[in-house]
Amino acid sequence: MMALLNSGRLLLRIVFVGFMLSVMATLPPTIEIHALPVVGDRQLIARTFEPLNISNITPRGWLAEQLKIQSEGLSGHLALFWPDIKDSIWVGGSGDGGLNERTPYWLNGAVPLLKLLENMDAEERKLAAQSNDLCQQGVDMMNIDLDLIQVSSIQECHDACVNNTGCAAFVVDSCNATMNCWLKYGFGPTDQASCRCFGIPPKNSETFNLTAQVDRYINFILAHQQPNGWYGPDNDATGTMYWSKFPLIMALQHYMEFHPETMSTIVPSVVRFYKECSNRMQKTPMSDWAAARGYDFALTVEWVLKHYPNGEDSFLWQFMDQVRSQTWDWETWFQAFQTGANTHGVNNAQALKSSGVWYVATGNESFYESSKERLRNIDDTYGLASGVFCADELLCDTPQQKMPSRGTELCTVVEAMFSYNTLFSVHGDVMFADRAERIAYNALPATWASPRGGDMWNHQYLQAENEINAASFAESIWTHDGPDAELYGLAPNYGCCTANFNQGWPKFARMLIFSTSDNGAAIGALAPVKALLPNNAEIIVDTNFPHSDVVIVNVTSPVAMPLYLRIPTWAKQAVTSINGKRFDGTNAGEMNKLDLPSGFSQIILNLNPQIRLEHWFSEGTFTVHRGALMYSLPITPNYTTLTTYAYESRDYQLLPTTEWRYAMGLNDTDPTASFAFVDNGYIPGAAPFNHTNFASVIKGRGRVVPWWGFDKNSAASPPPSPVCTPVGSEKCGEFVNLTLVPFGSTELRISEFPWA
């Protein structure tokens, strides 16, 4: 009946320790891997697109707003009230026992988030100074004085107030070279007055001062490194002992990027830790979580080899070989999901990048083929329309391998994003950036909800494409997690995702623009951002995408340079212009090379996306997409507060209040003609994935299917299509108008539809 586009592919992450240790125990004790030979003068293979130093990346527009929302939510407050971070064993407390992974997870996201926020703040200050809107000229406020100081500029007075915790406002004498600056501990009525400028600066709440938080944890961990080189707790005698240090070292490496003065002390510290690991691994090889994730360990070794080998090249190569020899064989696993590794969802999401890591270490082209093959295979077997794969703890079992009511873990979401962006960086293949972008703009925001909507205070452990409630029942359709896995809250089911989600947006933001070996740049996922390149060129991507169709790229370069611009695979009708002239070589699914002159160039990319329907669950159901976004039928929830924590953290149960059992009406000859796109426009400053006032919607029509029922308190599989056949059409409801909204802006929804 329909010509629907085929698609499919990835994601996932971690569960109750006791249960998972039993799962790990079922694996063969040793998985054979051929160790890399140690040869003289070995060199890393250069990535196709090299990530920029995080100091040179400044998110803008809606992306900057999203990162602020993250910092003002759980990310900026976990260290203040959640025992696993606040009282962590890593900083002398007793929290975060067991795997000891939660503080390293948090730092792995909080450190890059901190730097991006600092870059954004510097940019905002610069723009404010240029626009001279730090205060209201000709306005004075008398009394309520906190202090009087002399300054040389309005900016200096503004900054003095920002940095004084007791200052709520300021007045500056703006007519003299040496200015009086009155700091105010409150504000009241104002008057018109010459030579006065009154300002109320935005204040960074101490409750989410990430700089102080991050510095405290990093400094404590480094200061308490054991004499033998070991980091942190040393309370595990098994081969899992190494695992929690992998994300810690990633965090330290982010930290060194924007604190280069620390590299000469932190890198030797890291190498001492590697040497202690090497000694222990000879007697106690990596196992369980460490063996499953050894490629992440190797990724940190590659970073040291690239940035600061410090004469330790020979040891670092030997250690990388040792790590690889003890890492599970994911290359075999992803061929048929039978041998070499296991079904744990988050392990699979993290391991997607293993082929890219080993390619950089070896230059073996077969790893590129493996990278492409694993994406196709996991899509075909377990793939879901939001970009992730079905794995509610473990990969979903037959016959529900792609069941839209089965779940995907938040840890899987963020790990898959990072894996795909790593593969894009290594191989330069658009398919990986396409996937990272799809996950970021659909699956990641869809796992957050609150009565206000759009914030990042309350997340799920599992999310589903078809999710009709978020409640705790005695019986659940997911098979390996607890009854509260779909609640929205602080740490539903298990706390790993509360710590690990933090890396999602920051690592995505820092891997938008890359440098290239021919002194140029590459743009991967599309989002508003500013970047400074090694050749001193500046790139500003100005866009509301995915909430708009136009991307403007302004490049200012002292030299002629190539720019590699990704055109998404779905953008078959994209049009590109350079300095007002149409570029004829725009090809979807490719990195389009644009040769830019020195000076200023403006590239305008109109993506011209069309509505598309995709099969994921079955040939008898479909999902609705336009551009990078999937659109879903929102189900209005009733919120019940189950637990109240500090600040704005809550546990919520959500039950449906509106009908959800719809089959969509489709035009027999042109199914996409059954839908109409409405562009409402993104409002600057709004929550990018708000649950009201949607930037865009898709209109369609549907009929209630009364016999579409339940399966263990979730929506049953969508009934086979066409549902309302002539014989049974009288049993379906009348056609009604329906509005589909972005999947990432829903808390309850139907995304995989039958047709009437």
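Keep in mind that the numbers below use all heavy atoms, side chains included, and drop hydrogens, waters and symmetry copies.
- The existence of a salt bridge linking E65 and R60 is excluded, since no basic side-chain nitrogen approaches an acidic carboxylate oxygen closer than 4.0 Å.
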Verify salt bridge (charged side-chain N to carboxylate O under 4.0 Å, His left out) between E415 and K507, making sure each step is shown before the conclusion. CA-CA 10 Å; E415 293 290 0; K507 286 192 174 182; over 6 Å; no
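- Side-chain contact between V413 and I439 is present, with heavy atoms from C-beta onward closer than 4.5 Å.
- Distance check, rounded to the nearest 0.5 Å: CG of L642 to OG of S472 gives 8.5 Å.
- Closest approach of N535 to P558, counting heavy atoms only: O-CG, 3.3 Å.
- Side-chain contact, N458 with S450: no donor N or O sits under 3.5 Å from an acceptor N or O.
- Residues R452 and D455 are in side-chain contact: their nearest non-hydrogen atoms beyond the backbone lie under 4.5 Å apart.
- The closest donor-acceptor contact from the side chain of K184 to the backbone of N143 lies under 3.5 Å.
- Between the side chains of Y231 and S269, at least one donor-acceptor pair of N or O atoms lies under 3.5 Å.
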What's the verdict on side-chain hydrogen bond (donor to acceptor under 3.5 Å, both in side chains) for Y639 and E747, showing C-alpha distance, side-chain angles and the deciding distance? CA-CA 11 Å; Y639 278 82; E747 52 262 268; 2.7 Å; yes
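- When the shell of 6.0 Å around CD1 of I552 is examined, it contains more than 12 heavy atoms from other residues, nucleotides or ligands.
- Screening D140, T190, N180 against V171 for a side-chain contact (heavy atoms from CB on, under 4.5 Å) leaves a single residue, D140.
- The heavy-atom pair separating L487 from Q653 by the smallest distance is CD2-CA, 4.0 Å.
- The closest donor-acceptor contact from the side chain of R510 to the backbone of P112 lies at 3.5 Å or more, if one exists at all.
- The CG atom of L107 sits 10.5 Å away from atom OH of Y255, with the distance rounded to the nearest 0.5 Å.
- Here the CZ-CD distance, from R749 to Q463, works out to 6.0 Å after rounding to the nearest 0.5 Å.
- No hydrogens or angles considered: nothing links the side chains of W230 and Q225 as a donor-acceptor pair under 3.5 Å.
- Considering all non-hydrogen atoms of both residues, F81 and L74 come closest at CZ-CD2, 4.2 Å.
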Taking it one step at a time, do N690 and N693 satisfy side-chain hydrogen bond (donor to acceptor under 3.5 Å, both in side chains)? CA-CA 7 Å; N690 205 351; N693 300 318; over 6 Å; no
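- Looking only at side-chain heavy atoms (C-beta outward), L117 and L210 come within less than 4.5 Å of each other.
- S515 has its side chain within reach of L52: a pair of non-hydrogen atoms, C-beta onward, lies under 4.5 Å apart.
- Closest approach of F545 and A628 over heavy atoms only: CZ-CB, 3.7 Å.
- Side chain of E123 to backbone of N119: no donor-acceptor contact under 3.5 angstrom is found.
- The line from CD of Q137 to SG of C197 is 4.0 Å long, rounded to the nearest 0.5 Å.
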Please evaluate residues V555 and Q602 with respect to the criterion side-chain contact (heavy atoms from CB on, under 4.5 Å), reporting the C-alpha separation (whole Å), side-chain torsions for both, the decisive distance (0.1 Å), and the verdict. CA-CA 6 Å; V555 181; Q602 184 174 80; over 6 Å; no
For M179 and Q150, what are the C-alpha separation, side-chain angles and deciding distance, and is it a side-chain contact (heavy atoms from CB on, under 4.5 Å)? CA-CA 6 Å; M179 305 175 180; Q150 272 68 52; over 6 Å; no
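- Ring geometry, H459 versus F501: the interplanar angle falls from 30° to 60°, so the pair is classed tilted.
- Counting only distance, with no hydrogens or angles, the side chain of D87 and the backbone of S94 share no donor-acceptor pair below 3.5 Å.
- Looking at K115 and E257, no side-chain N of the basic residue comes within less than 4.0 Å of a carboxylate O on the acidic one, giving no salt bridge.
- Of the possible polar contacts, one joining the T422 side chain to the F418 backbone as a donor-acceptor pair under 3.5 Å is found.
- Here the side chain of N493 pairs no donor or acceptor atom with the backbone of D484 at under 3.5 angstrom.
- Q155 contributes atom CD, which lies 5.0 Å from atom CG of L134 (distance to the nearest 0.5 angstrom).
- Between the side chain of H224 and the backbone N or O of F220 there is at least one donor-acceptor pair closer than 3.5 Å.
- A 4.5 Å side-chain heavy-atom check between I149 and D147 finds at least one atom pair inside the cut-off.
- Judged purely by distance below 3.5 Å, without hydrogens or angles, the side chains of N502 and S75 pair a donor atom with an acceptor atom.
- Residues I85 and Y217 share a closest heavy-atom pair of O-OH, 2.6 Å.
- In this structure, the side chains of V91 and T103 stay at 4.5 Å or more apart for every pair of heavy atoms.
- In this structure, F508 and Y441 have perpendicular ring planes: the angle between them is above 60°, well past the 30° mark.
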Set out, in order, the CA-CA distance, both residues' side-chain angles and the distance that settles side-chain contact (heavy atoms from CB on, under 4.5 Å) for K245 and F273, then state yes or no. CA-CA 9 Å; K245 284 66 177 177; F273 172 70; 3.3 Å; yes
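- Here the side chain of H547 pairs a donor or acceptor atom with the backbone of P688 at under 3.5 angstrom.
- Side chain of T447 to main chain of L444: no donor-acceptor pair is present (N/O by atom type, distance under 3.5 Å, no hydrogens or angles).
- In this structure, R102 satisfies the cation-pi test against Y494, with its NZ or CZ atom closer than 6.0 Å to the six-membered ring centre and inside 45 degrees of the ring normal.
- You'll find the side chain of Q70 reaches within 4.5 Å of the side chain of P506, heavy atoms only.
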Would you please test I154 and C135 for side-chain contact (heavy atoms from CB on, under 4.5 Å) and show each step? CA-CA 8 Å; I154 294 175; C135 54; 3.6 Å; yes
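- The aromatic rings of W457 and H77 lie tilted to each other, with the angle between the two planes from 30° to 60°.
- With hydrogens and angles ignored, the 3.5 Å screen pairs a side-chain donor or acceptor of W90 with a backbone N or O of N100.
- Minimum heavy-atom separation, A509 to I57: O-CG2, 3.6 Å.
- For the atom pair D84 CG and T498 OG1, the distance stands at 8.5 Å (nearest 0.5 Å).
- Here F246 and Y105 keep their ring centres 6.0 angstrom or further from each other.
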Stepwise, does the side-chain hydrogen bond (donor to acceptor under 3.5 Å, both in side chains) test hold for N53 with S55? CA-CA 5 Å; N53 186 299; S55 299; 3.1 Å; yes
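- Looking at V550 and T543, their side chains never come closer than 4.5 Å, going by heavy atoms from C-beta outward.
- Using a 3.5 Å distance cut-off with no hydrogens or angles, the side chains of E261 and H259 do pair a donor with an acceptor.
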